[in-house]
There are 2 protein chains.
Amino acid sequence: MTKPVQKRTLITRRNLIAAAQEIIAAKGYQDMRIDEVVQKAGVAKGTFFAHFPDKDALMDLMIGARIDAELDKLAQQDAPTSVGELVTHLRPLLGFMTQERYVFDVILRHSGAAAREEIGPIAKTFSRQISVIADWLADGPFRKDISPHLLADGVQAFAIQAMGLQFCAIHNGEPMITRLETYLDAWLTPGGAAA
Amino acid sequence: MTKPVQKRTLITRRNLIAAAQEIIAAKGYQDMRIDEVVQKAGVAKGTFFAHFPDKDALMDLMIGARIDAELDKLAQQDAPTSVGELVTHLRPLLGFMTQERYVFDVILRHSGAAAREEIGPIAKTFSRQISVIADWLADGPFRKDISPHLLADGVQAFAIQAMGLQFCAIHNGEPMITRLETYLDAWLTPGGAAA
DNA sequence: CACTTTAAATGACCGTGGTCAAGTTTTTAT
DNA sequence: ATAAAAACTTGACCACGGTCATTTAAAGTG
């Protein structure tokens with residue numbers, strides 16, 4: 001896990017991940033089964049747990065990788081010049097995160113490093129997300145009385161709030177994106193205009 | 001579940017809940033087992049699932065009840081006249097929510113009504129929380145350019161963010177309460193003073 | 001009261017995540 | 001080359017949430 005010494009180990013690990021990817025592509029995250037992964041990878045069940053502490057750790061890896069890919073795209077965009085543009089930029093990322101209730105739950109569970117020592121893949125993407133957004137906000141027409149980092153923290157908090165309500169039975173009149181825009185208007189440009 | 005007709009049903013249900021409460025009091029939420037609950041309640045396992053759709057539903061009930069009790073206390077407090085006071089008022093509630101990682105996860109999973117038709121106990125407390133906080137904020141020295149309801153939504157979002165980071169390995173230098181105060185200062189009194 | 005219908009309880013059974021003592025392969029030491 | 005040590009793999013096994021055909025008890029009916 002930390003420092004594989006044998007070539008064999010790397011191959012096994014790669015096979016496990018490849019098998020998981022195929023299964024997820026075919027049936028979604030929710031329906032991935034460890035039994036199916038090990039069967040497809042051609043190893044015994046115990047081997048899986050020699051490579052990953054638990055199922056969640058693999059999910060962390062898989063979902064983290066996809067979020068990272070979204071962040072790659074995000075980071076290449078120009079800094080948004082309005083809240084509307086910011087929300088538009090975030091849309092694909094939030095779309096991925098809310099594609100399955102299960103995925104959103106995994107993300108929530110791992111976003112805060114999950115009380116573990118080592119910071120997992122998803123938690124890393126959350127830090128990165130803060131960096132990307134903070135960079136954007138630093139130069140845009142947004143409030144300047146607090147640090148870009150704090151601003152970005154808030155964007156993340158509101159994004160999670162908006163995504164969470166997405167799955168809620170009551171609040172589904174308003175689409176997630178619209179709700180997020182309302183939040184971010186109030187957060188990033190209090191008083192109605194850039195301060 | 002919706003309309004129990006027999007006395008027997010009510011008794012069984014009460015026994016199940018009482019058993020669960022005892023076990024939770026003794027070992028915490030995380031370590032509650034259905035097998036132990038039904039054994040203590042003196043019924044078969046299948047009976048449990050005739051009363052609750054799944055384990056999570058019972059957890060929803062138990063945790064929701066405790067949150068509701070906290071909200072009862074909250075609602076009796078005077079409206080806070082500063083962000084610091086607001087945070088102090090919220091402290092016991094947030095303390096309960098973060099007492100166990102497992103509890104926090106259950107709460108997150110159910111806060112948005114969990115994509116079910118009926119709104120569960122925890123989701124109800126979240127609505128109530130918004131009401132209580134909105135009432136407080138309406139009259140206090142906080143920004144007035146957006147509705148108290150929207151303000152309260154934000155308080156909730158930041159509270160969740162602060163609690164989530166509580167469990168994070170990196171961010172544990174700053175205590176949850178301090179972090180929340182920083183967030184809420186920026187959210188409720190942008191520009192440094194009440195607008 | 002006897003009979004039927006409906007509601008509730010039962011427990012053997014299953015699916016799936018996770019464990020671990022024993023076996024196999026690879027590396028290191030002599 | 002050979003033995004000892006370390007790394008890796010194995011699969012039977014366990015824990016625990018959840019299911020369902022069957023049995024038992026309660027409520028309705030004449």
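Residue numbers start from 1 in every chain, and the chains themselves are labelled A, B, ... in the order their sequence lines are given, proteins ahead of strands.
Under 4.0 Å is where a charged nitrogen must lie from a carboxylate oxygen, and between R101(A) and D105(A) at least one such pair does.
Look at CG on L10(A): it is 19 Å from P on dT25(C), rounded to the nearest Å. The interatomic distance linking D31(B) (CG) with dA15(D) (P) rounds to 15 Å, in whole Å. Protein atom CZ of R8(A) is 4 Å distant from nucleotide atom C1' of dC8(D), rounded to whole Å. Look at CG on L58(B): it is 11 Å from P on dG18(D), rounded to the nearest Å. With rounding to whole Å, F52(A) atom CZ is found 14 Å from dC8(D) atom P. Taking atom CD on Q30(A) and atom P on dT16(C), their separation rounds to 12 Å, with Å as the unit. Atom CD of E36(A) and atom P of dG15(C) are 14 Å apart (whole Å). D35(A) places its CG atom 13 Å from the P atom of dA12(D), with the value rounded to the nearest Å.
For D135(B), there are no side-chain hydrogen bond (donor to acceptor under 3.5 Å, both in side chains) partners two or more places apart in sequence or in a different chain. Shown here are the side-chain hydrogen bond (donor to acceptor under 3.5 Å, both in side chains) partners of E85(A), two or more places apart in sequence or in another chain: T81(A). Not a single side-chain hydrogen bond (donor to acceptor under 3.5 Å, both in side chains) links N15(B) to another residue, sequence neighbours left out. Looking at residues two or more places apart in sequence or on another chain, you find a side-chain hydrogen bond (donor to acceptor under 3.5 Å, both in side chains) between R128(B) and D68(B), D72(B). Annotation: salt bridge (Lys or Arg N to Asp or Glu O under 4.0 Å) contacts of E70(B) (sequence neighbours excluded): R66(B), K73(B).
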Determine all donor-acceptor pairs shorter than 3.5 Å in which one atom belongs to a side chain in residues 35-45 of chain B; sequence neighbours excluded.
from   : atom 1 : to     : atom 2 : distance (Å)
D35(B) : OD1    : K45(B) : NZ     : 3.3
E36(B) : OE1    : K27(B) : NZ     : 2.9

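Distances were taken from every side-chain heavy atom of R33(A) (C-beta onward) to each of dG17(C), dT10(D), dC8(D); the shortest belongs to dG17(C).
Note on residues 57-90 of chain B: pairs passing ring pair (Phe, Tyr, Trp, His ring centres under 6.0 Å), not counting sequence neighbours, are H89(B)-W136(B).
Put simply, H51(B) has no side-chain N or O that comes within less than 4.0 Å of OP1 or OP2 on dA8(C). OP1 or OP2 of dA8(C) has not a single side-chain nitrogen or oxygen of T12(B) nearer than 4.0 Å.
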What's touching nucleotides 18-22 of chain C from the protein side, N or O pairs under 3.5 Å?
from    : atom 1 : to     : atom 2 : distance (Å)
dG18(C) : OP2    : K55(A) : N      : 2.7
dG18(C) : O6     : K45(A) : NZ     : 3.4

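Looking at residues 16-27 of chain B, you'll see that no heavy atom sits under 4.0 Å from any atom of DNA chain D.
Checked against the 6.0 Å centroid criterion, the rings of W187(A) and Y183(B) do not qualify as a close aromatic pair.
Annotation: of the two residues near DNA chain C, K7(A) and V43(B), the 5′-most nearest-nucleotide partner is V43(B).
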